[in-house]
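In what follows, every chain begins at residue 1, and chains take the letters A, B, ... in the order their sequences are listed. Worth saying up front: this structure is predicted, and the values here are computed from it rather than measured.
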Number of protein chains: 2
Amino acid sequence: MDKRPSKSKLKCCGDEVSLLLPQDAGAEQLAKLAWAVAHPARVRIVQLLLSRTSCVCGEIVDQMPLAQSTVSQHLKILKDSGLVQGEIDGPRICYGINQKMLKQLKKLVADL
Amino acid sequence: MDKRPSKSKLKCCGDEVSLLLPQDAGAEQLAKLAWAVAHPARVRIVQLLLSRTSCVCGEIVDQMPLAQSTVSQHLKILKDSGLVQGEIDGPRICYGINQKMLKQLKKLVADL
DNA sequence: GAAGCATATCGTTGATCAACGATTGGTTAC
DNA sequence: GTAACCAATCGTTGATCAACGATATGCTTC
């Protein structure tokens, strides 16, 4: 077990960091968006979505050496970050890049 | 224990991905650099280093609610990514941003 | 050489990631 | 309604992250 009972200092990575570091509001968001593309598979997914304006999950799975559940998991991470949106298109789901968020990411990185 | 003995498919995240996805050479590098700034504390460190052109580890520790060992660990991650360089300056170590790598990161993100 | 200070590294712990197969949920077609 | 298909979720596992304290290393200075 952990020897640190409840130091009230900093748990790890999470929302508490922002409370202790109020000065960097953008740091949190940059970290969140950077995290979304901090995995080769997710970068690849973003590239696929950008190259085709829209894409179904099945197509992504076909182009990657990963199981469907794993791809779906990565898509969830991308969706949670806001970088990717999915809209229901009949029986399948049409995924696409959230251009606003992508712009935000580009701006945050460019302003570093 | 893991039920997957050695599927020779894909271990997780690592160098093997590049072997199986040769088309995205840049995806790996973007993921690696994005990963470096995928944590609020590391974004903060980069910002600190940029705002002062150079910075000693002790100053960074003073400005963050983290232990010295934790900051040193984050610095190591940043160094491993290439974004940050450290040169020995007498008894202390002077850290600074590797502008070339930062430019590379900006370019990779901008080209998305 | 010993003392002192600045960093790095070691060793530990709990939390999270990333992968998979299996199952569930939802939508169309018969 | 049932079958078929697509995508999401569940449950598991091993690996890695992130945090800390404690210890080791390295360079000055005395």
S.K.: Any sub-3.5 Å donor-acceptor pair from A:N98's side-chain atoms to A:G82's backbone N or O?
M.R.: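 Flag set: sc A:N98 to bb A:G82 pair under 3.5 Å.
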S.K.: Between A:I93 and A:Q73, who's closer to the 5' end of DNA chain D by nearest nucleotide?
M.R.: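 Nearest-nucleotide comparison on DNA chain D picks A:I93.
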S.K.: State whether A:H74 places a side-chain N or O below 4.0 Å from either non-bridging phosphate oxygen (OP1 or OP2) of C:dA19.
M.R.: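 Checking A:H74 against C:dA19: at least one side-chain N or O falls below 4.0 Å of OP1 or OP2.
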S.K.: Please identify each residue that fulfils side-chain contact (heavy atoms from CB on, under 4.5 Å) with A:S72, with sequence neighbours left out.
M.R.: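 Listed in chain order: A:Q68.
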S.K.: Side chain of A:K76: nearest nucleotide among C:dT7, D:dT9, C:dC17?
M.R.: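 That would be D:dT9.
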S.K.: Return the value, rounded to whole Å, for the distance between atom CD1 of A:I77 and atom C1' of C:dT16.
M.R.: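 Between C1' of C:dT16 and CD1 of A:I77: 10 Å.
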S.K.: Any side-chain N or O of B:H39 less than 4.0 Å from the OP1 or OP2 oxygen of C:dC17?
M.R.: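 The answer is no; no side-chain N or O of B:H39 sits under 4.0 Å from OP1 or OP2.
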S.K.: Could you give the CG-to-C1' distance, from A:L75 to C:dA18, as a whole number of Å?
M.R.: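 Spelled out: CG on A:L75 to C1' on C:dA18 is 14 Å.
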S.K.: I'd like to check the salt bridge (Lys or Arg N to Asp or Glu O under 4.0 Å) partners of A:K76; sequence neighbours left out, ordered by chain and number.
M.R.: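 Here the qualifying residues are A:D80.
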S.K.: My understanding is that only residues two or more places apart in sequence, or in another chain, count here; which of them pass side-chain hydrogen bond (donor to acceptor under 3.5 Å, both in side chains) with A:Q104?
M.R.: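 A:Q104: side-chain hydrogen bond (donor to acceptor under 3.5 Å, both in side chains) contacts with A:Q29.
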S.K.: Can you build the contact string for nucleotides 22-30 of chain D? Use B for base contact, S for sugar-phosphate-only contact, and - for no protein heavy atom under 4.0 Å.
M.R.: B----SS--
S.K.: Return the nearest nucleotide to the side chain of A:R42; candidates are C:dT7, D:dA7, C:dA18.
M.R.: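 Shortest atom-to-atom distance from the side chain points to C:dA18.
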S.K.: According to salt bridge (charged side-chain N to carboxylate O under 4.0 Å, His left out), does anything in residues 92-103 of chain A pair up with another residue at least two apart or in another chain? List the pairs.
M.R.: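 Listed once each, the pairs would be none.
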S.K.: Taking atom C1' of C:dA18 as reference, at what distance in whole Å does atom CG of A:L78 sit?
M.R.: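 Computing the A:L78:CG to C:dA18:C1' distance gives 14 Å.
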S.K.: Counting heavy atoms from C-beta on, name the nucleotide in C:dA18, C:dT7, D:dC20 closest to the side chain of B:T70.
M.R.: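 Comparing C:dA18, C:dT7, D:dC20 against the side chain of B:T70, the answer is D:dC20.
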S.K.: Once salt bridge (Lys or Arg N to Asp or Glu O under 4.0 Å) is applied, do any residues pair with B:K107, and if so which ones, sequence neighbours excluded?
M.R.: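 Result, salt bridge (Lys or Arg N to Asp or Glu O under 4.0 Å) vs B:K107: B:D111.
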